[in-house]
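Below: the structure, in C-alpha cells.
Bear in mind that the values here come from a model prediction, so they are computed numbers and not experimental data. As a basis for the values below, the full set of heavy atoms in this structure was taken, side chains included, without hydrogen atoms, waters or symmetry mates.
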Amino acid sequence: MSPFSDVARVRHYVPRRIEPDLIKARVTVMETQLAQSPALSTHQARPGPYLQQGSRLPALKEAGMQPIPSELRQRQEDNIKSKQQRYRDGSLLWRMAELGTTTTGPNLHPEPRCLDPSQLNMMRILQHAEGPLDDTCTEVLRSLQARFNQYGCAEGTEMPLCLHTVEMTPSQVTDADINNFTSLFDIDEGGNQVIVPKEEPESEDDEDKDEVTKQEYAVSIRTELPMSFSLLAPLHESLDITSSEVMSRSHDRTESPDKFKPLFEERVGPPTQPIPPPNKPGENLYRQTPIVVVESRKDAHNIELQRFCENAPIALIRGMTIGLKMDLSVFSTKTLVENFPDTELEIRTQTKFPADLNLNSVGEPTWAFESTQAYSTIGKYGLYQIESFKASLKDETDKVRNQKYGSAAEAAKRRKMNSIEENSTAALKQIKFGTNIDFSDDKKFKPQLNELAKMPPFCRIIAGCNLLSHLGHIVYGMNTAQGYMKVPGNRTPAHMENNCLASVNINVGPGDCEWFGVPHEYWGVIDAECRKRKIDFLNGSWWPNADELVSMGIPIYRFTQKAGDMVWVGPGCVHWVQATGWCNNVAWNVAPITHLQLTMAVHQYEWNKLQKYKSLVPMQHLFWQIAKNVQVFKLIRGMLIRSLSYCKMVVDWYTKHTGKTIKIQLRETGGVSNYCTACQVETWNILFTKENGKFYEVYCVDCARKSTLTDYYVIQEIPFPDLLTIFDNFQHHVISKSALAV
C-alpha cells in the first residue's frame, strides 16, 4: 500500500512595562517612610561587603550600579532551577502515581514518608470519589493509606475525617492487615514505589516457601483489570490448557481474587525496536539485489521459489508474467481509460526531482517530501499521462532536429542551458501521480483479477497460504489489488507495509521504476534519524538520501524494475520507489504462514498501539480466524489464550461494576473490524459504543473506563460458547510417517 497520508500555537507571556517615573515616585515614598520609622532609624545594619555599619541605603541610581551579591545570585539560580523542575514534573494531576513515593538519590538521604498536605488532600479526594476508581487511582489510594497508617502525616497537617478504604470499614481493619499490606510496598533506587514479595523466614522448606512467595506476589499485583494487554506477554500456563480452564481462571479475578493467578504476564514493557547486526569490515553497503529469472509455469510454482521469497528482504522476479502467460494489457492506460473512465483515483501533486535529490521549498536538502492530495478519474488522468508523454516526445524531437541542423557551437550552448535548468530549483516541475485505484470489485474488474489469479499461490490475493484471505472482510489495498498510474518522477515515499506484511508489485510498463530497500533490522535506526529531522516514521511523507544511509552503516538494495518484472517486498522491509518512465503498476499485500511473518506482524501491532497508529490488520480477529481454518499451533494457541482470558476478565469486570449483562450482537459476515475512536486500538469482540448524533462510536475498555460506564452501550460480537468451540478444536495434530507413506 502507498503510505500517503498541526503546528501548535505557542503563546508567550509579555510582561507589562512600568514607566520609570512611576518607579522613581514609589522609591521616593519608600525612602521617606523608612527615614521616619523609629524602628529602622535605631537599627544598625550588619557589616558586609556592600553595606557597612552605619551607612545609609544607596539612592536608586547608585543601587543600579552595585553588583548583585553572590547570595542573591545563588537564590535566583535556585529559583530558576525550581521553576524548570516544576515544568518538567508537570501538574499535580499528571503526577498522581508519584504521590505515594519519596525521592531518593545516590547522594541524598530519603525524605520522610509521612504525608504532606497535598498528599493528604489527594487521599481524601480519592476516598470520597463517586463511582469506581481506575487502576492508577486505586494503587495511589492504597499507597497513601498504607503510608498514613505507618508514618502518619506531617506536623501541623489536619487529620483526615475517615480512615476507611473503599472496601473496608475501620472496624474491619486490624493491625495485622495494615502490617501485611504495607509490607508489600517499597521504594526503588529511582524513588518510585514498587510492590515486592512478602519476605518469609528461612527454614528447611525454602523451596516450598519460594513457591508461596511467587503466588502471593501474583496476587499482590492484581487489579480490577490487567494493567496492560499485550499479545507479546509471556504465558504462565502451558499451551494444552483447555478453554474451560481459561474461563474459570479468568473468572476468579472478579469472583475469587484471593486465588486468582494470571494466565499471562500483566505488566509488560513496551515493544522495542530491533538491534541491527554489525556490518563486516570493508563491506559494500550497496548490496546486490537478489534476482530470480522464471522461464516457465513450472519455475513459477516451484516450492524453492516460495521459500526463497519468504526469507528475502526484497527480491526481483524477472520473467514471472511471461512464464505464466499473463496478459498485462488489461492494466494498460488505453484499456483502463476505455473501460473505466469514471472510476475514481487519488491524485498526488509532487515536485519532480532526480532519484538522489530531495529539496524543500527554499532549495535545501531534506528528507521531508511534500505532496498535495486531490481526486480525479482514470479518464482525466489517462489524458494527462498521454499528454505528458507527447510533450516529452516533442521536446526530444526538437533536440534531435536542432542537433542535426544546428551548428556545433549552438548545440554546446543549448546543452549547457539545459544542464543549468535541470539543476536549478527554480525550474523544478510539478507533476501528478495517479494512485490507489481500487480493483476490489470482482465483477467490474473481472478480466484484471483473472490475470492476477494466474500467479503462484504464495503471491495470490486469495489463497489458503495467504493469511489475509482468512480475515473475512476487505482491507483495501492489502487483501485487494490497487493500481497506480505514473509519469517520470512520480514517487512513492519511504514506508513499511502495514503490520510489516509482505507485498507483491508488478510493473505493467512500458516504462521503468527505480527501487530502494532497507532490511527490517535497520528500521529502528531510520526511525531515530526521522525523529532527529522531526519526521513521523509511520505517518509522515519522507524520502531519505541513500548515500546518507550508507554513511550511517545502513545497507541498501537499489535496482530497476522493468516492464513485466515482479518485486517481492519481504516482511518489514523499508522501501521507496520512483518512476523513471511512463508506466502503470498493480500491487497488493500477502501474509505468508511463517513464524517470521507472524512474529513481525504481532510486534508491529503492539508498536502501533504504543504510537497510537492504526493497524489495518486486526491481529486478534485474524488469529481467531486462523484458528478456524489453519493449523499454526504454538504461536496461534498462545494468542488465543491471552485473548480469551482478557475478554472474559473484561466481561466479568463490566458486569460486576454495572450489574448489567452484555448484549450479544453477532458480527455480520464480511463485516469490517472495529477500532477505538480515541486511541485506534483494535476493539475485538467487546465493543463499548456511545451515541454521537446519528452514529455510534466504538471505544476500547481502557478509554471507556476514563469516563462514566453508564454512558456506553456494550455489546459482544462472538458468544463465549462459539469461542470455546474454536479454542478446543484448535489442536496439534501429528501425522505419522506411515500415514504419509500410504
What class does the angle between the rings of [X] and [Y] fall in, given that below 30° is parallel, 30 to 60° is tilted and above 60° is perpendicular?
X    : Y    : answer
W515 : F559 : parallel
Y646 : F229 : parallel
W568 : F458 : tilted
F516 : W576 : parallel

Non-hydrogen atoms of [X] and [Y] that approach each other most closely:
X    : Y    : answer
A300 : L305 : O-CD2, 3.6 Å
P456 : H301 : CA-CE1, 3.7 Å
M619 : Y605 : CG-CD1, 3.3 Å
C465 : I593 : O-CG1, 3.4 Å
L468 : M478 : CD1-O, 3.8 Å

Between the side chains of [X] and [Y], does any donor sit under 3.5 Å from an acceptor?
X    : Y    : result
Q578 : W543 : no
N499 : Q604 : no
N507 : D565 : no
N358 : R491 : yes
S332 : S329 : no
S503 : N589 : no

Got a sec: does the [atom1] of [X] have more than 12 other heavy atoms crowding it under 6.0 Å?
X    : atom1 : answer
I462 : CD1   : no
L357 : CG    : yes
K446 : NZ    : no
R297 : CZ    : no
I275 : CD1   : no
E370 : CD    : no

Review point. Can the ring centres of W542 and F537 be said to be less than 6.0 Å apart?
Key: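 So the answer is yes for these two rings.
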**Study point:** Y557 and Y286 aromatic centres sub-6.0 Å
**Key:**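 No - the distance between ring centres of Y557 and Y286 does not fall below the 6.0 Å cut-off.
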Review point. Are E497 and H575 close enough, and set up right, to give a side-chain hydrogen bond (donor to acceptor under 3.5 Å, both in side chains), and what steps lead you there?
Key: CA-CA 9 Å; E497 297 296 324; H575 58 285; 3.1 Å; yes
Could you check whether [X] pairs with [Y] (Lys NZ or Arg NE/NH1/NH2 to Asp/Glu carboxylate O, under 4.0 Å)?
X    : Y    : value
E346 : R348 : yes
D342 : K380 : no
E310 : R307 : no

[X] (side chain) donor-acceptor with [Y] (main chain) under 3.5 angstrom:
X    : Y    : result
N490 : V487 : yes
N466 : I461 : yes
W588 : C459 : yes

When rounded to the nearest 0.5 angstrom, what distance separates [atom1] in [X] from [atom2] in [Y]?
X    : Y    : atom1 : atom2 : result
D438 : K444 : CG    : NZ    : 8.5 Å
I506 : T321 : CD1   : OG1   : 7.0 Å
Q373 : S371 : CD    : OG    : 8.0 Å
T333 : W582 : OG1   : CH2   : 12.0 Å
L316 : K562 : CG    : NZ    : 10.0 Å
C500 : H520 : SG    : NE2   : 4.0 Å

Exercise for review: Take D512 and T580 through the test side-chain hydrogen bond (donor to acceptor under 3.5 Å, both in side chains) and record every step on the way to the result.
Suggested key: CA-CA 5 Å; D512 301 339; T580 56; 4.8 Å; no
Practice item. Please step through side-chain contact (heavy atoms from CB on, under 4.5 Å) for the pair Q385 and N584, ending with a clear verdict. Key: CA-CA 10 Å; Q385 192 182 44; N584 294 345; 3.3 Å; yes
Exercise for review: Would you mind telling me which of D527, I556, V518 makes a side chain to side chain contact (heavy atoms under 4.5 Å, CB included) with V574?
Suggested key: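 Answer to the side chain to side chain contact (heavy atoms under 4.5 Å, CB included) test with V574 among D527, I556, V518: V518.
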Review point. How about Y484 and V577: do any of their side-chain heavy atoms sit closer than 4.5 Å?
Key: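 No, their side chains stay 4.5 Å or more apart.
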**Study point:** Side chain proximity check, L467 to Q597, heavy atoms < 4.5 angstrom
**Key:**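 Heavy-atom side-chain distance check fails, nothing below 4.5 Å.
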Point to revise | Evaluation steps, side-chain contact (heavy atoms from CB on, under 4.5 Å), between I431 and T349 | key: CA-CA 6 Å; I431 54 177; T349 302; over 6 Å; no
Exercise for review: Could you walk me through whether E717 and L687 pass the side-chain contact (heavy atoms from CB on, under 4.5 Å) test, one step at a time?
Suggested key: CA-CA 8 Å; E717 291 189 310; L687 311 180; 3.7 Å; yes
Exercise for review: Please assess W684 against S643 for the test side-chain contact (heavy atoms from CB on, under 4.5 Å), listing each intermediate value before the final yes or no.
Suggested key: CA-CA 9 Å; W684 178 79; S643 182; 3.3 Å; yes
Point to revise | Geometric cation-pi criterion, R637 with F727: 6.0 Å, 45° | key: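 The answer is yes; both the distance and angle limits are met.
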